[in-house]
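Treat the numbers as computed from the prediction; the structure is a model and nothing was measured.
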Amino acid sequence: RFKYHYRAWMELANDLPNLIESRKLRDLVHKMPVLSTHLLNSPQELRLAHLALGFITMGYVWQEGQHAPAKILPRALAVPYWVVSRRLGLPAVLTYADSVLSNWKLRDPSKNMDLVISLPGGGSCRGFFLVSLLVEMAASSGIKVGIVMHAVENKDPASVNRGLLDLTASLKKMKEIFKLMHPILRKLTVCGLYYFRWRDNPMLPEGLVYEGVSNEPVLLSGGSAAQSTAIQCFDALLGIQHDNESGAFLTRMRDYMPPAHRQLIETLSDCPSLRDFILSCANPDLKQAFNDCVLALEDLRTYHVSAVTKYIVVPANRAQETGHSDRGAGDKLDATGTGGSSLLVFLKSVRDTTRKVLI
């Protein structure tokens, strides 16, 4: 029933790279009927609809490139996208949870993965999203934060120690997988353009009008790795509290997470302090396990800083000096993250704050 009733959405979503590159997407969206969302019943159907409408929206807005973004999202996209978003508790913009966590499928029986929906950029775009997913999968084995906090409440040092060792192993694995991003970032061009936002964006300074929803432009951040629930859970577990603008930005990024993910971070933040428990134990092995975990997270963040510097900031500065972008993406946007943060300042800030909780 989903495929039949919502085929107008899925036909566009499944052919996005071709439709964007041929400049045909906007014309087809203008011909699209306004579909009711009443047949979307299961969480899976709602997430697929949010994914498809989010990608179509990005393609529609940026089809003509960074200097000619659409300022009004047509009713046929805006109204169902807004309704689906409200039902899911998500904003009507492409989020990290959409493009990474929900955007994969098994391509064959050998369990090779592929994207559900892609954008122009070929293998580099596909690799960018899939490597991000693999990093999240590596994090999943470390999401035993609830077990650790339960052990803290039960005053069980042995279980806390085991949980910290598991988390440290996950963080090291995340860094190793993140290294796969290097050849992708070298080639990444147009894909990044469609991943941007309509908040803190010089190309859309007033935001985007959702026709049939609001007469005033709406300001929304784009998908960002800062919306990774796993990383924010690790921060909450280890008692890492980011200050000033970085902390405010990370808190705002929670609004772009699924509600259950957001609630998990908030619950962890309200739990008794793991760090205080370890200090009270005066156990050298437990202290070492905690510090190793903190250092593994700091190391991951340091690696992120170096990758962003090499593949995003340096090329963006070079493009400004020469007066053109050699990457095909928005040079005015490269100095900031897709969520709207000042990229290097933010990444260095969260890295430096991480180290402060060492015992």
A side-chain contact here means heavy atoms from C-beta on lying under 4.5 Å apart; do [X] and [Y] qualify?
| X | Y | result |
| --- | --- | --- |
| Leu16 | Ile117 | yes |
| Met32 | Pro74 | no |
| Leu300 | Phe234 | no |
| Glu245 | Phe346 | no |
| Lys287 | Pro284 | no |
| Leu133 | Met137 | yes |

Are [Y] and [X] co-members of a hydrophobic cluster defined by side-chain heavy atoms under 4.5 Å apart?
| X | Y | value |
| --- | --- | --- |
| Leu115 | Trp104 | yes |
| Leu344 | Tyr311 | yes |
| Leu165 | Met174 | no |
| Val83 | Val34 | no |
| Val84 | Tyr4 | no |

Can you tell me if [X] uses its side chain to pair, donor with acceptor, with the backbone of [Y] under 3.5 Å?
| X | Y | answer |
| --- | --- | --- |
| Gln227 | Gly222 | yes |
| Ser349 | Val345 | no |
| Ser22 | Asn18 | yes |
| Tyr210 | Ala92 | yes |
| Tyr81 | Val93 | yes |
| His261 | Arg254 | no |
| Thr37 | Leu40 | no |
| Arg197 | Gly207 | no |

More than 12 heavy atoms from other groups under 6.0 Å of [atom1] on [X]:
| X | atom1 | value |
| --- | --- | --- |
| Asn154 | CG | yes |
| Gln241 | CD | no |
| Glu266 | CD | yes |
| Met10 | CE | yes |
| Lys179 | NZ | yes |
| Glu206 | CD | no |

Could you tell me the separation between the [atom1] atom of [X] and the [atom2] atom of [Y], rounded to the nearest 0.5 Å?
| X | Y | atom1 | atom2 | result |
| --- | --- | --- | --- | --- |
| Lys348 | Leu343 | NZ | CG | 10.5 Å |
| Leu219 | Asp200 | CG | CG | 8.0 Å |
| Tyr96 | Ser102 | OH | OG | 11.5 Å |
| Leu94 | Thr57 | CG | OG1 | 8.5 Å |
| Ser221 | Asp255 | OG | CG | 9.0 Å |
| Cys233 | Met149 | SG | CE | 11.5 Å |

Partners meeting side-chain contact (heavy atoms from CB on, under 4.5 Å) with Val209 (sequence neighbours left out): Ile72, Pro217
- request: Return the set of residues passing side-chain contact (heavy atoms from CB on, under 4.5 Å) with Lys71 (not counting sequence neighbours), or none when no residue passes.
  value: Leu204
- request: Evaluate the side-chain contact (heavy atoms from CB on, under 4.5 Å) criterion for residues Leu119 and Trp62: first the C-alpha distance (whole Å), next the side-chain angles of each, then the deciding distance (0.1 Å), finally the verdict.
  value: CA-CA 11 Å; Leu119 291 169; Trp62 299 108; over 6 Å; no
- request: Determine the interplanar angle of the Tyr303 and His182 rings, folded into 0 to 90°, and report it as parallel if under 30°, tilted if 30 to 60°, perpendicular if over 60°.
  value: tilted
task: Quick one: which residue pairs count as a ring pair (Phe, Tyr, Trp, His ring centres under 6.0 Å) with a foot in residues 264-302, not counting sequence neighbours?
output: none
Could you go through residues 292-299 and list every donor-acceptor pair under 3.5 Å that involves a side-chain atom there, pairing it with any protein atom two or more places apart or in another chain?
unit_1: Asp292; atom_1: OD1; unit_2: Gln288; atom_2: NE2; d: 2.8
unit_1: Glu298; atom_1: OE1; unit_2: Arg355; atom_2: NH1; d: 2.9
unit_1: Glu298; atom_1: OE2; unit_2: Arg355; atom_2: NH1; d: 3.3
unit_1: Asp299; atom_1: OD2; unit_2: Lys175; atom_2: NZ; d: 2.8

field: For Leu347, the option from Asp352, Thr309, Thr302, Val308 that meets side chain to side chain contact (heavy atoms under 4.5 Å, CB included)
entry: Val308
message: Going by side chain to side chain contact (heavy atoms under 4.5 Å, CB included), Trp82 matches just one of Val218, Leu53, Leu73. Which one?
response: Val218
Of all pairs that satisfy side chain to side chain donor-acceptor pair (under 3.5 Å), the ones with a partner from residues 162-171, not counting sequence neighbours: Ser141-Ser170, Lys144-Asp166, Ser159-Arg162
Hydrophobic cluster (4.5 angstrom, side-chain heavy atoms) - remaining members for Ile265: Met257
task: Kindly write out the residues that satisfy salt bridge (Lys or Arg N to Asp or Glu O under 4.0 Å) with Asp243, not counting sequence neighbours, or none if the list is empty.
output: none
message: Under the rule for salt bridge (Lys or Arg N to Asp or Glu O under 4.0 Å), what residues qualify as partners of Lys310, not counting sequence neighbours?
response: none
task: Report the C-alpha distance between Val350 and His304 in whole Å, list the side-chain angles of each, state the deciding distance to 0.1 Å, and finish with yes or no for side-chain contact (heavy atoms from CB on, under 4.5 Å).
output: CA-CA 11 Å; Val350 297; His304 194 181; over 6 Å; no
- prompt: What residues, two or more places apart in sequence or in another chain, satisfy ring-ring contact (aromatic ring centres under 6.0 Å, His included) together with His242?
  reply: none
Qualifying salt bridge (Lys or Arg N to Asp or Glu O under 4.0 Å) pairs, either residue in [range], two or more places apart:
| range | answer |
| --- | --- |
| residues 222-238 | Asp235-Arg301 |
| residues 4-16 | none |
| residues 75-99 | none |

- request: Show your reasoning for whether side-chain contact (heavy atoms from CB on, under 4.5 Å) applies to Met113 and Leu134.
  value: CA-CA 10 Å; Met113 291 189 299; Leu134 291 174; 3.5 Å; yes
- request: Take Leu48 and Val116, measure what side-chain contact (heavy atoms from CB on, under 4.5 Å) needs, and give me the verdict at the end.
  value: CA-CA 9 Å; Leu48 179 57; Val116 177; 4.3 Å; yes
task: Determine the minimum heavy-atom distance between Leu35 and Ala8, stating which atoms define it.
output: CD1-CB, 4.4 Å
query: Judged by modelled atom types alone, do His30 and Tyr60 share a side-chain donor-acceptor pair under 3.5 Å?
result: yes
